[in-house]
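In what follows, chains are A, B, ... by sequence order, proteins preceding strands, each numbered from 1. Hydrogens, waters and symmetry mates are skipped; everything else that's a heavy atom, side chains included, is used. Predicted model only: the values in this text are computed from it and were never measured.
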Amino acid sequence: MFPYPSGRIHMGHVRNYTMGDVIARYKLATGHNVLHPMGWDAFGLPAENAAMAIGGHPRAWTYQNIDDMKSQMKPLGWSLDWSREFATCDPEYYGQQQALFIDFLEKGLAYRKKSVVNWDPVDHTVLANEQVIDGKGWRSGADVERRELTQWFFRISDFSEELLAAIDDLDNWPAKVKLMQRNWIGKSRGLQFSFDLVDAPQGADAVEVYTTRPDTLMGASFIAISPDHPLARTLEQDRDDIAAFNTDCRRMAATEEAVEKAEKRGFDTGLKARHPLDPAWELPVYIANFVLMDYGTGAIFGSPAHDQRDLDFARKYGLPVIDTFVALDGGKPVENEAFVPPKSEKVKYVARIAGDEVMTGEQAVDAAIAYCESIGVGTGVTKYRLRDWGISRQRFWGCPIPVVHCESCGVVPEKKENLPIELPDDVSFDKPGNPLERHPTWRDCDCPACGKPARRETDTMDTFVDSSWYYARFTSPHAKTPTDPVEVDYWMNVDQYIGGIEHAILHLLYSRFFARAMHICGHLPAKSVEPFEALFTQGMVTHEIYQTRDEKGRAVYHLPEDVEDGKLIKTGEPVEVIPSAKMSKSKKNVVDPINIVRDYGADAARWFVLSDSPPERDVEWTASGADATFRHLGRVWALGERVAGLSEGKGAGDDDLNRAMHKATFAVTQSIETFAFNKAIAALYEFINVLSRSNAGGTMQKQAMRTLAQLMSPFVPHLSEEIWETLGGEGLVAEAAWPAADESLLVEDMVTLPIQVNGKRRSEITVPRDLGREEVEKRALEDNAVQKALAGGTPKKIIVVPGRIVNVVV
RNA sequence: GCGGGCGUGAUGGAAUGGUAGACAUAUCAGACUUAAAAUCUGAAGGCCGAAUGGCCGUGUGGGUUCGACUCCCACCGCCCGCACCA
């Protein structure tokens, strides 16, 4: 995944791109044509924040950062093809993105609808979720409100089933990412039906609900609607108390997390709803802050006995709790813990609407849907949790949405020949909000349809759009269309994609959607609707956080390099140590790779970030490791010099060294193939140890040393070239064909088998690898320690796992 | 709150259900050195023991198995995501 140009590369980048470089170099050595590009995910909030804080244009800040980061990257020796470099804020790139948007619009993949944003009532600006802290605007400190705006959306939800089904074929993606995406798409089967309202206000005679548990319908005890539900909006017009409650609910950040964590509150509207299966049964209708308008129908029925949230709500407002099913052993009536067994588990229904008395939740749901449909109460529907992708941002530093608002023609897409619609240079960031909106002339344009004066759309695109197709653009970064058909067909798909687990859902799902949309518009071949053949999610680089407090008690963070022995080096003030967290600029728990490269060299930095920790796991950065790596590489260099000086000839240890060489070749190859770089490095250490102590002849040692240089070269290319040259290798080691392991040399003739008695290791025997089972059993039983452990008893059973272990069961 | 993941010596970690701790770091001892660093050799999970050796040990508690770090259940802790951070 390409980086955001923050201005400094960090250890996460070093880890990510060194992994990619190992793969790129290895693939090159095994005869592949490798495309290993680099670019910049260059739009986004930080550039605007910088413009606000230090003045200047976000563009200047961004390109300066790109220059800086590039110069920090180059010494690391990544085999990147810089000729394909681009930034998403290059008009050449975002102009093509605008062309894509227009294509999407034409194919009905983009549309406008009303949607909610975080609104800062003091700064009069839209806030990103990140800018909302504890429900308040980060600059103004004002309580954030929710506000409805008409915004642009991509129809990703039309692809829910396809995106879900295709996950099954992503064989080289981590299982956890696939599971997360499945859950995110959230396919469910349920019943959608209406509750008729008693004495309802005009135009609202029923409330439509969707439930995945229609089998609990006889346990319903209340209806809850979202504060944004049309009924709630109707009611608030005449009822001040309801208006106050709704307003209060809307004064909450719009994130699902905030909603779910907030105290569950409800307001009894006084309205009653008729139970669809029993007209005499009336249920209260509440407005509840935890019901989201975006999900289902924006209304639910509460079934407290079988949902913890509903139960808490029922207890709080004194509503009945009705068991609809109990555990097979009879169970107890629900008290303060809802009975929510897995849907696959059989339970006993005490208040059922259809099906048998004992059945699984799944069977009961199916039976309930079938029954309700048969009597005309609602229909069974499949729903997806996945919502359409809102891409409008009320911000400057993003790709302008290429449409025009015309009084006569409405919303009109810009003509492609007018692209790119470029961001203006003369903007100011002295006021909050989007400078495009208050720009004197930028908005003014002619309608592409009728030619009359019109206004440009001032919203820009979500930066996730930028990163949803850059991989395809790398195949022809300067094409006059989004992609070049020949190039994109030759290079796509991405054979190995590497990035952080934090992108498991949004970025990767959006990219999967985008590839499909691009295919529909003719910009990607059919084979590329899944653009990433293999995915690897690396762990983060973490570090302890050091903080002190200022006079107001606010946290002040300190760089690791300014702290020694738990004290600030400058003042001696003790620091509070907060456990390791992802390195981030704001917490200052960062180690600058540049310093590591300066002090120890690029090879040491590369080797160190890949050694020890498995790449998918977080790695905690410690200062001590880098120094040791540096010394180790020095020893390898010295070993190369020594071996180079040996005279040719045979020696006693030739066979052993040859065997070790082939074992190392096999292990390193396997480990690179499976992304186990830490194990590859361990295998290299082992081979280095064997070689440095070998009594093989000069010829064999030199061959071993050259092979070592080859095996190390993806990790430490600079040192490896040096050794390769010293040992008389031909050409560049980077261009030499990858060594092959002779598998016949990998197995030993004799094996040591541990002998267990009742699963406890008591002894071991060394036997020929292919010794027969009976003979192995015999020798195991003859063993002194085994005899002692048996203490005269007779074995009931002897388990022999050939080449592995013997277990004697008494 | 919901979804996903992780948890092994002092430390990072290794281990197709088959000898737990490979490999490395830090540590300790020895060699070299006037000395230090570097380098080389070696030790090292805990407890008991002079020793052969024994017992315990992979977050906690259960379960499956001849055999569990590995599979299952529950719990604890930490991390990631939650749709406008990238």
Contact under 4.0 Å: A/Asn784 side-chain N or O vs B/rU52 OP1/OP2: no
Interatomic distance at C1', B/rG18 relative to B/rU70, whole Å: 11 Å
Integer angstrom distance from the P of B/rA83 to that of B/rC23: 47 Å
Closest to the A/Leu45 side chain, choosing from B/rA83, B/rA86, B/rU19: B/rA86
Distance, P atom - from B/rA14 to B/rA24, rounded to whole angstrom: 15 Å
B/rC56 and B/rA68, which share atom name P, separated by this distance in whole Å: 13 Å
Under 3.5 Å donor-acceptor pair, A/Asn807 side-chain atoms to B/rC66 base atoms: yes
Nearest listed nucleotide, side chain of A/Ile501, among B/rG18, B/rC23, B/rC80: B/rC80
Phosphate OP1/OP2 of B/rG54: any A/Arg762 side-chain N/O under 4.0 Å: yes
Atom P, compared across B/rA38 and B/rA44: separation rounded to whole Å: 23 Å
Nearest-nucleotide pick for A/Glu764, side chain only, options being B/rC55, B/rU19, B/rG81: B/rU19
Short side-chain N/O contact to B/rG13 OP1/OP2 from A/Ser613, under 4.0 Å: yes
5' precedence on RNA chain B between A/Lys264 and A/Gln756 (nearest-nucleotide basis): A/Lys264
Nearest listed nucleotide, side chain of A/Asn183, among B/rG1, B/rG4, B/rG81: B/rG4
Test of ring centre spacing under 6.0 Å for A/Tyr497 and A/Trp173: no
Pairwise side-chain contact, A/His13 with A/Met69, heavy-atom cut-off 4.5 Å (strictly under): yes
Inter-nucleotide C1' distance (B/rG5, B/rU39), Å rounded: 43 Å
A/Arg804 side chain, from C-beta outward: closest of B/rG4, B/rU16, B/rC84: B/rU16
A/Asn758 or A/Pro614, whichever maps to the more 5' nucleotide of RNA chain B: A/Pro614
Spacing between A/Arg761 atom CZ and B/rG21 atom P, to the nearest angstrom: 9 Å
Presence of A/Arg393 side-chain N/O under 4.0 Å of B/rC84 phosphate oxygens OP1/OP2: yes
Chi-based syn or anti call at B/rG77, which uses purine or pyrimidine torsion atoms and a 90° bound: anti
Phosphate OP1/OP2 of B/rC40 contacted by A/Arg642 side-chain N/O (<4.0 Å): no
Length of the line joining A/Phe159:CZ and B/rA83:P, which is rounded to integer Å: 23 Å
Consecutive-pair stems (at least three Watson-Crick or G-U pairs, under 3.5 Å) that include RNA chain B: B:1-7 with B:76-82, B:10-12 with B:23-25, B:27-31 with B:39-43, B:45-48 with B:53-56, B:59-63 with B:71-75
Heavy-atom pair of closest approach, residues A/Arg642 and A/Ser692: NH1-O, 3.8 Å
Of the listed nucleotides B/rA22, B/rA24, B/rA86, the one nearest the side chain of A/Asp612: B/rA24
Whole-Å gap separating C1' (B/rU25) and CZ (A/Arg631): 9 Å
Separation between the C1' atoms of B/rC79 and B/rA31, rounded to whole Å: 46 Å
4.5 Å side-chain heavy-atom contact, A/Arg769 and A/Met750: no
Nearest listed nucleotide, side chain of A/Glu502, among B/rG54, B/rG81, B/rC66: B/rG81
Touch class at under 4.0 angstrom, heavy-atom based, for A/Glu263 against every strand present: nothing
hbond_proxy A/Gln394 side chain to B/rC84 base (donor-acceptor, 3.5 Å cutoff): yes
Any A/Lys760 side-chain N or O less than 4.0 Å from OP1/OP2 of B/rG54: no
Sidechain N-carboxylate O distance under 4.0 Å for A/Arg385, A/Glu256: yes
Rounded distance in Å between the P positions of B/rC73 and B/rC28: 46 Å
Heavy-atom closest pair, residues A/Val810 and A/Asn758: N-OD1, 3.0 Å
Donor-acceptor pair under 3.5 Å, A/Glu257 side chain vs B/rC82 base: yes
Below 4.0 Å: OP1/OP2 of B/rC82 and any side-chain N or O of A/Thr255: no
Beyond-backbone contact of A/Asn678 with A/Asp612, side-chain heavy atoms, under 4.5 angstrom: no
Value in whole Å for how far the P atom of B/rC2 lies from CG of A/Asp310: 13 Å
A/Asp120 and A/Arg139 ion-paired at < 4.0 Å: no
Aromatic plane relationship, A/Tyr94 with A/Phe43 - under 30° parallel, 30 to 60° tilted, over 60° perpendicular: tilted
Donor-acceptor pair, side chain of A/Gln131 and main chain of A/Trp138, under 3.5 angstrom: no
Closest listed nucleotide, where the reference is the side chain of A/Asp462 and the choices are B/rA83, B/rU19, B/rC84: B/rC84
Exceeds 12 heavy-atom contacts within 6.0 angstrom, atom NZ of A/Lys113: yes
Side-chain donor/acceptor contact of A/Glu616 with base of B/rC6 under 3.5 Å: no
Nucleotide nearest A/Tyr510 when distance is taken to its side chain, options B/rG1, B/rA83, B/rU39: B/rA83
For atom CZ of A/Arg773 and atom P of B/rG18, their distance in whole Å: 16 Å
Whole angstrom value for the distance that separates P of B/rG3 from CD of A/Glu260: 10 Å
For atom CG of A/Asp627 and atom P of B/rA37, their distance in whole Å: 13 Å
Atom-pair distance (CG on A/Leu179; C1' on B/rC2), nearest Å: 13 Å
Options B/rA86, B/rA22, B/rU19, nucleotide nearest the side-chain atoms of A/Glu686: B/rA22
Distance test, side-chain N/O of A/Arg309 to OP1/OP2 of B/rG1, below 4.0 Å: no
